[in-house]
Amino acid sequence: MSDQEERYEDSQLYKIRHSAAHVMAQAVLEFYPEAKYTIGPPVENGFYYDFDLPQPIVLEDLEKIEKRMRQIIAGGHPFVKKVISGEEARQVFKDQPYKLELIEGLEKGGTDEYGNPLDEKPEISVYQSDAFTDLCRGPHVETTRQINPSAIKLMSIAGAYWRGDEHNKMLTRIYGTAWRTPDELKNYLKMIEEAKARDHRKLGKDLEIFIYDEEVGPGLPLWLPRGGVIIEELEKLAKEMEEKAGYLRVRTPHLAKEDLFLHSGHLPYYAESMYPPMELEGTKYYVKPMNCPMHHKIYGAKPRSYRDLPIRLAEYGTCYRYEKSGELFGLMRVRSMQMNDAHIYVTEDQFEQEFMGVIELYKKYFDLFGIEKYVMRFSLHNKEGLGKKYIDNERLWLKTEEMVRRAMTNGSVPFVEAANEAAFYGPKIDVQIWSAIGKEFTLATNQVDFAQPGRFDLKYMSREGVEETPLCIHRAPLSTHERMVGFLLEHYAGNFPAWLSPEQARVIPITDNQNGYAEGIVRQLREAGIRASSDVSSNRMNAKIRDAQLMKTPYMLVVGENEASAGQVSLRVRDGSRQDNIPLAEFVARAKDRIERRAPEL
RNA sequence: GCCCUCAUAGCUCAGUCGGUAGAGCACAUUCUUGGUAAGAAUGGGGUCAUGGGUUCAAAUCCCAUUGAGGGCUCCA
């Protein structure tokens, strides 16, 4: 959004949604008078309101609430603002414990009614419309008439912790959406439907990329042959790029003794999301949740000189993390993953260049995949977390954060800063993306680590003959195979460029008289390095084309009597374009060109 | 992990009031030998997620478990 555009918070739509939330709260309170109400802000595409309800609410209840909302809206009730004292507010909300807690926060200053930090002490105000009064700073529409009753819809019921803290009570959240006009609502609902068609979970099933099996376990995807091809291509790409950039490939085991993860410092921070240890002959072993400690061991295996640095150790390492059951999501959040991992050991002087080298690598990949919508997110520590969430060394935090900030600024790479989101061992730059259904994910990551090299006593001999500790950069530009394939499925809506397509060409004989010819073509294509198969089923040609099209095959080669007798093929491209009766060699040249260049076009 | 919802054939989904199951696609066979997104007929295929309970009787009602979905929390 550009600066010229109106901020969402100032828009009429924001007021409509905020007001719709109040109307919904009124309706809910009419049905459940004992309910305690909490907060109800507008959000992207709509609004929600959180209640502490005396009984569970079910989907069918939403209909009656929605119906009542329309009645309230029809009443044309004005929204009236009143600024009151804390004492008066406590009187108004004397039976509303959550509101009393909010009032206390407002009086103390420092937080707004949603618990967000504020610079100055806010005034306390209430908005009243019809029979409903809420602690609220607004803004609202003037009267409920400005909410279009045909442009609102209650969407879902969800649980949400009071003030977003899992130690607090779980409240009932009702999500709604509201728009200016019924058409806008219709478009929004249509957009949601379209997003579902792009959902990698649906595409992954339809295109036979991966499956989950109940007996194997949640979060443990099985890659089908067609998914395996994509993974092989991604690995090939990464290895090519990393070889050019001076990375060295290493391989490390899937398990290690407890000592290693104690040493690295991961165990105290992440024990909960590691698979529990297995104990043999009195020794505990953990399945590795990350590769870095093993790479540190490789670095430390022999003395290093400043002349050796930077040392870049790369591995497509297989890791396992016990993500909580509710956190799993398709391929985007899994328990077994293979990471495009590498660790770069640098001197302080080399840091900026190497760090930006990784950012440059991101950009190359993003160009290749045509990724335009992403945000570089610079994650920082916060002071309160030192010694708990973060390594307790403020000086190094500030120093490395400044190094990253300077590098990004010097490199003219736009980024946003995110407080209190760093890794425990240092600041990082994450690339943030959104799934088809709007869920947020971290794709690539580039992290500074000033803690582990010291813990592992990693050294290099400086020019001055003094032992120094290197900095370590953890990076994963292609993320994990799981997340990358999930992302690419949605990014391309399954229409992979030729080089990534599991099946690049399908030969379609028109009658079974051409089956032999078709199979001969497949042999030649495979010989030329093109992934091809033939459809010798008893289907008619039209059905074969439809099948190939549904699998989003980039090239279809139709061969009938004409083609067979002339030694030619008729090319149908996935986009529907055609080139009839061309020599096979002409197609092979075209396909090979696209594949070798990893071209976006077919 | 927490709140809510859901689970019927390989896939997508019907199944009313409780009376032991249906469709389309896919698959197999046969007919059809076709010109750029579904030719036709016939057939096989289900311990209704799993385990308990209520009932003369459970896909259907209740409980638990497992898995999935929408959120919350979390994500080295």
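All heavy atoms count here, side chains included; hydrogens, waters and symmetry mates do not. So that the names make sense, note that chain A is the first sequence line, chain B the second, and so on, each numbered from 1.
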Quiz item: Which whole number of Å gives the distance between the P atom of B:G1 and that of B:U65?
Solution: 11 Å
Self-check item: Basic-acidic side-chain contact under 4.0 Å: A:K190, A:E193
Solution: no
Exercise. Just call it for A:D580: base, sugar-phosphate, or nothing, with non-hydrogen atoms closer than 4.0 Å on any strand.
Key: base
Practice problem: Using the C1' atoms only, state how far B:A9 lies from B:G22, rounded to an integer number of Å. | Solution: 10 Å
Quiz item: Quick one: is B:G10 close enough that its OP1 or OP2 comes under 4.0 Å of any side-chain N or O from A:K205?
Solution: no
Exercise. Look at atom NZ of A:K389 and say whether more than 12 heavy atoms of other residues, nucleotides or ligands are closer to it than 6.0 Å.
Key: yes
Quiz item: Start at the 5' end of RNA chain B and walk down; is the nucleotide closest to A:G219 or to A:M541 reached first?
Solution: A:M541
Quiz item: For A:E34, which residues count as a side-chain hydrogen bond (donor to acceptor under 3.5 Å, both in side chains) partner, sequence neighbours excluded?
Solution: none
Quiz item: In whole angstrom, what separates A:D52's CG from B:C3's P?
Solution: 13 Å
Practice problem: Indicate, yes or no, whether a donor-acceptor pair under 3.5 Å links the base of B:G39 to the side chain of A:N542. | Solution: no
Practice problem: Using the ring of A:Y48 (Phe, Tyr or Trp, six-membered ring only), decide whether A:R173 places NZ or CZ under 6.0 Å from its centre and within 45 degrees of its axis. | Solution: yes
Quiz item: Rounding to a whole Å, what distance do you find between A:E214:CD and B:G69:P?
Solution: 12 Å
Quiz item: With sequence neighbours left out, which residue pairs that include part of residues 555-577 of chain A fulfil the salt bridge (Lys or Arg N to Asp or Glu O under 4.0 Å) condition?
Solution: none
Practice problem: With P as the reference atom in both, quote the distance from B:G44 to B:G39 in angstrom, rounded to an integer. | Solution: 24 Å
Quiz item: Distance between the C1' atoms of B:A28 and B:C75, in whole angstroms?
Solution: 48 Å
Quiz item: Counting any heavy atom closer than 4.0 Å, what does A:S325 reach on the DNA or RNA strands: base, sugar-phosphate only, or nothing?
Solution: base
Practice problem: Rounded off to whole Å, could you give me the CD1-to-C1' distance for the A:I211 and B:G67 pair? | Solution: 14 Å
Self-check item: Residue whose closest nucleotide on RNA chain B lies nearer the 5' end, A:Q514 versus A:P218
Solution: A:Q514
Practice problem: Examine B:G34: is either OP1 or OP2 under 4.0 Å from a nitrogen or oxygen in the side chain of A:T511? Give yes or no. | Solution: no
Quiz item: How would you list all residue pairs meeting salt bridge (Lys or Arg N to Asp or Glu O under 4.0 Å) that involve residues 326-342 of chain A, not counting sequence neighbours?
Solution: A:E323-A:R333, A:E327-A:R333
Show me, pair by pair, the donor-acceptor contacts under 3.5 angstrom made by side chains of residues 270-277 of chain A, not counting sequence neighbours?
residue, atom, partner, partner atom, Å
A:S273, OG, A:Y270, O, 3.3

Only distances under 3.5 Å count here; give the side-chain donor-acceptor pairs of residues 435-444 of chain A to other protein atoms, sequence neighbours excluded, each with its distance to 0.1 Å.
residue, atom, partner, partner atom, Å
A:S435, OG, A:I437, N, 3.3
A:S435, OG, A:K439, N, 3.3
A:E440, OE2, A:Q432, NE2, 3.4

Quiz prompt | Atom-pair distance (CD1 on A:I510; P on B:G39), nearest Å | solution = 14 Å
Self-check item: With A:E66 via side-chain hydrogen bond (donor to acceptor under 3.5 Å, both in side chains) - residues at least two apart
Solution: A:R70
Quiz item: What one-letter contact string describes nucleotides 70-76 of chain B from 5' to 3', where B marks a base within less than 4.0 Å of any protein heavy atom, S marks contact via sugar-phosphate atoms alone, and - marks no contact?
Solution: BBBBBBB
Strictly under 3.5 Å: I want the nitrogen or oxygen pairs between protein and nucleotides 27-29 of chain B, one per line.
none

Exercise. In whole angstrom, give the distance that lies between atom CG of A:N515 and atom C1' of B:G34.
Key: 13 Å
Quiz prompt | Any A:D52 side-chain heavy atom under 4.5 Å of A:Y98 side chain | solution = yes
Exercise. Return the value, rounded to whole Å, for the distance between atom CG of A:D512 and atom C1' of B:U33.
Key: 7 Å
Quiz item: Contact class for A:T442 (heavy atom, under 4.0 Å): base, sugar-phosphate, or nothing?
Solution: nothing
Self-check item: Qualifying residues under ring pair (Phe, Tyr, Trp, His ring centres under 6.0 Å), relative to A:H295, sequence neighbours excluded
Solution: A:H343
Quiz prompt | All pairs passing salt bridge (Lys or Arg N to Asp or Glu O under 4.0 Å) where residues 312-321 of chain A contributes a residue, at least two apart | solution = A:K288-A:E315, A:R312-A:E354
Quiz item: So what does A:L550 hit on the nucleic acid, given a heavy-atom distance under 4.0 Å: a base, only sugar-phosphate, or nothing?
Solution: base
Quiz item: Residues in ring pair (Phe, Tyr, Trp, His ring centres under 6.0 Å) with A:Y390, at least two apart?
Solution: A:W397
Quiz item: Distance between the P atoms of B:U32 and B:U20, in whole angstroms?
Solution: 43 Å
Practice problem: Could you measure between the two P atoms, the one in B:G43 and the one in B:U8, and give it in whole Å? | Solution: 26 Å
Exercise. Toss me the dot-bracket line for RNA chain B: Watson-Crick and G-U wobble, both under 3.5 Å, 5' to 3', using | for pairs to another strand and [ ] for crossers.
Key: (((((((..((((.....[..)))).(((((.......))))).....(((((..]....))))))))))))....
Quiz item: Across the strands shown, which category fits A:D206 at heavy-atom distances under 4.0 angstrom: base, sugar-phosphate, nothing?
Solution: nothing
Exercise. May I have the distance from A:I508 (atom CD1) to B:A38 (atom C1'), rounded to whole angstrom?
Key: 13 Å
Quiz item: Could you state the CG-C1' distance from A:L53 to B:C4, rounded to the nearest angstrom?
Solution: 12 Å
Quiz item: Expressed in whole Å, how much space separates the P atoms belonging to B:U42 and B:C25?
Solution: 12 Å
Quiz prompt | A:Y161 versus A:H167, side-chain donor and acceptor atoms under 3.5 Å | solution = no
Quiz prompt | Pairwise P distance, B:U66 and B:G51 [rounded to whole Å] | solution = 15 Å
